Amino acid sequence: MGHARTLSIGLHGLRGTLVEVESDVSTGLPAFSVVGLPDSSTLQARDRVRAAAARSGMHLAQRRITTNLSPAFVPKHGSGFDLAIAVSVIAAQGDIDPGGPSRTVHLGELGLDGQIRPIPGVLPALVAARDCGIRRAVVPQENLAEARLVDGIEVTGAAHLSSVLRRWGADVAVPAHHPTLRIAPEAEPETGADADFSDVIGQQQARRAAEVAAAGGHHLLMTGPPGAGKTMIASRIPTILPDLDDEQALAVSAIHSVAGRFNARQGLRRRPPFENPHHTATTAAVVGGGAGLAAPGAISRAHGGVLFLDEAPEFPSRVLEALREPLETGDITLHRARGVTRYPARFQLVLAANPCPCGKAWGKGTDCSCSPQQRRTYLTRLSGPVLDRIDMRIAVGPVDVNRVDAVPSESSAQIAQRVRTARDRQRVRYADHPFSINAQLPGSLLRTAFSPAPADQRLLDHALSQGRLTLRGHDRVLRLAWTLADLEGAERPTAEHIGTALTLREGDHR
């Protein structure tokens with residue numbers, strides 16, 4: 001009897017911690033203890049490991065077994081430590097060489113029959129292992145495609161505990177046939193294979209606003225009666241966004257891996273995600289939450305893409321107000337009983353709203369059945385601080401099909417080409433800065449290195465002095481002006497660009 005160790009990874013959001021799993025088998029009354037701040041699912045590994053080891057031909061010794069998850073002050077959660085615990089215990093009782101698995105990360109949940117079951121979060125876990133200098137890992141066979149997306153680490157997939165033990169020198173038989181649990185990730189929200197901007201009839205102003213939003217990463221509010229095309233336009237914005245770069249794709253894929261919604265067989269996620277939670281969604285569902293350590297919500301799953309809130313005034317005020325922090329910082333920090341979790345949440349927010357509860361308060365509003373008090377209450381659900389963070393506010397009225405031009409609407413491919421060109425200009429301009437799009441341009445640089453000519457800003461300064469704009473709104477108008485200039489190929493925003501941006505900013509949001 002003796003002592004052995006191996007390695008695993010504990011995840012806190014997307015941040016992985018290297019965990020040393022060490023086991024000691026000594027004389028004393030038979031017992032199996034797991035220490036090091038495990039939660040209930042980690043603590044239950046004792047029963048899973050004992051049953052799985054027996055099914056693999058390795059009965060645990062009737063001795064005192066103690067397994068420590070170090071560092072012991074960091075909370076551990078989940079069943080992903082099962083495989084590492086089993087390997088360390090069996091090595092400690094002398095059935096395999098203790099030196100073999102000591103520098104290898106083991107990830108996986110054990111079934112009672114010895115099957116190694118897949119777990120969420122393998123992608124960020126192996127990134128953390130690689131960053132800690134670990135070069136070997138064993139993962140569930142069903143997670144192997146995901147694990148191979150991480151460069152710089154040798155990964156082995158295993159379907160049964162016996163195959164892992166045999167790898168480390170145990171004389172056990174590997175089952176020829178055993179059940180395989182296949183991952184079935186939750187279907188990702190999709191815009192539809194045939195979704196295209198050419199489907200949108202009319203609405204030239206809203207289409208132009210969507211193009212500007214995509215080109216600069218800006219937020220958009222569309223207000224209008226039901227059936228005007230607000231949802232259709234919002235759902236097609238991802239079709240004109242450029243593919244994610246390597247860093248963004250890895251971050252987005254890691255978030256969806258932790259959420260259990262990542263299909264690794266298709267490789268890293270290259271297309272921007274699109275999240276559209278229903279207005280009955282809770283704060284935890286949108287922002288993130290859950291017992292113990294918080295899981296990513298819709299705003300984190302929309303990182304690098306679009307978060308669309310249809311019928312925005314119908315969302316609870318707590319949900320809308322919770323968006324204020326990530327809209328400013330690009331991430332969300334969630335405090336829970338077992339620790340603090342941070343997720344990236346840099347998304348484009350697109351809101352759609354009716355003009356009143358019945359939706360008919362448009363134009364003269366003669367068909368509207370809402371009282372003035374109902375209208376005021378409905379509109380004030382979008383608070384001033386939230387609206388101040390929205391770059392553009394567009395009125396989307398009913399389409400008169402008799403006045404629609406016979407020329408077909410532009411396709412998503414045509415618009416996407418202009419968006420890519422504008423984004424390329426921004427990437428070159430901000431090459432020496434830690435951001436690449438206009439929406440992330442800080443105010444300090446807007447007023448110095450990237451400030452338009454003073455004469456071109458007179459209209460904007462006048463709006464600020466009159467109280468029509470806050471200082472935050474002033475900066476957002478300048479960012480919009482830069483995007484308008486990029487779409488037109490101008491070197492710097494002119495007075496015309498700033499005037500157009502101010503009009504988009506002050507559009508009727510009622």
Side-chain angles (χ1 to χ4, degrees), residues 190-241 272 274 276 306-313 348-368 379 382 387 390-422 480 483-484 486-488 496-497 499-510:
E190 295 180 354
T191 58
D194 300 325
D196 196 281
F197 260 102
S198 60
D199 302 330
V200 181
I201 299 176
Q203 304 298 5
Q204 294 304 315
Q205 184 189 32
R207 290 165 56 93
R208 176 61 173 171
E211 179 180 340
V212 174
H218 304 290
H219 308 307
L220 173 64
L221 166 63
M222 294 180 287
T223 305
K230 304 184 298 294
T231 301
M232 176 179 282
I233 292 170
S235 65
R236 280 150 178 77
I237 292 178
T239 67
I240 62 175
L241 291 173
F274 179 77
N276 55 340
V306 176
L307 175 68
F308 176 47
L309 302 186
D310 201 3
E311 306 292 346
Q348 282 184 248
L349 178 63
V350 179
L351 305 177
N354 292 327
C356 68
C358 76
K360 297 180 180 180
W362 192 260
K364 295 182 179 180
T366 55
D367 296 331
C368 178
L379 293 174
L382 294 176
L387 287 175
I390 306 300
D391 301 287
M392 292 180 285
R393 308 168 190 176
I394 303 301
V396 184
V399 177
D400 186 351
V401 294
N402 295 320
R403 296 185 178 181
V404 173
D405 195 338
V407 178
S409 299
E410 283 187 304
S411 68
S412 291
Q414 292 172 295
I415 302 173
Q417 180 58 49
R418 293 197 297 269
V419 170
R420 279 194 297 271
T421 301
L480 269 177
T483 300
L484 292 169
D486 288 329
L487 284 168
E488 294 184 7
E496 183 180 354
H497 295 134
T500 302
L502 185 59
T503 301
L504 291 171
R505 168 74 182 181
E506 293 186 321
D508 185 8
H509 60 276
R510 295 174 294 173

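Not measured: the values here are computed from a predicted model. Heavy atoms only: backbone and side chains are in, while hydrogens, waters and symmetry mates are out.
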For [X] and [Y], which heavy atoms make the closest approach, and how far apart are they?
X    : Y    : result
I233 : A206 : CD1-CB, 3.5 Å
F274 : A234 : CE1-O, 3.6 Å
A422 : A215 : CB-CB, 4.0 Å
W362 : G397 : CZ2-CA, 3.5 Å
L379 : P355 : CD2-O, 3.8 Å

Between [atom1] of [X] and [atom2] of [Y], what distance do you get to the nearest 0.5 Å?
X    : Y    : atom1 : atom2 : result
I390 : M222 : CD1   : CE    : 11.5 Å
I394 : L504 : CD1   : CG    : 5.0 Å
D391 : R505 : CG    : CZ    : 6.5 Å
L220 : F308 : CG    : CZ    : 9.5 Å

Sub-3.5 Å donor-acceptor pair from the side chain of [X] to the main-chain atoms of [Y], do we have one?
X    : Y    : result
K360 : P226 : no
Q203 : A228 : yes
Q348 : H218 : yes

With sequence neighbours excluded, what pairs up with [X] under the side-chain hydrogen bond (donor to acceptor under 3.5 Å, both in side chains) test?
X    : value
Q204 : none
E311 : N354
T500 : none
H497 : E488, T494

Q.
Suppose we screen for salt bridge (charged side-chain N to carboxylate O under 4.0 Å, His left out). Which residues come up paired with D486, at least two apart in sequence or across chains?
A.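 With neighbours one apart ignored, the set is R425, R429.
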Q | Test salt bridge (charged side-chain N to carboxylate O under 4.0 Å, His left out) applied to R207 - qualifying residues, sequence neighbours left out | A |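 By the salt bridge (charged side-chain N to carboxylate O under 4.0 Å, His left out) rule, R207 matches no residue at all.
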Applying side chain to side chain contact (heavy atoms under 4.5 Å, CB included), name anything that partners [X], two or more places apart in sequence or on another chain.
X    : answer
A501 : V477, L480, A481, L484
S412 : D196, F197, T239, I240
P313 : A353, Y378, R381, L382
Q417 : R420, T421

**Q.** Residue pairs passing the salt bridge (Lys or Arg N to Asp or Glu O under 4.0 Å) test where at least one lies in residues 212-227, sequence neighbours excluded
**A.** none
Q. Which residue pairs pass the salt bridge (Lys or Arg N to Asp or Glu O under 4.0 Å) test when at least one of the two sits in residues 208-226, sequence neighbours left out?
A.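 Residue pairs with at least one partner in residues 208-226: R208-E211, E211-R418.
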Q | Beyond-backbone contact of N276 with D310, side-chain heavy atoms, under 4.5 angstrom | A | no
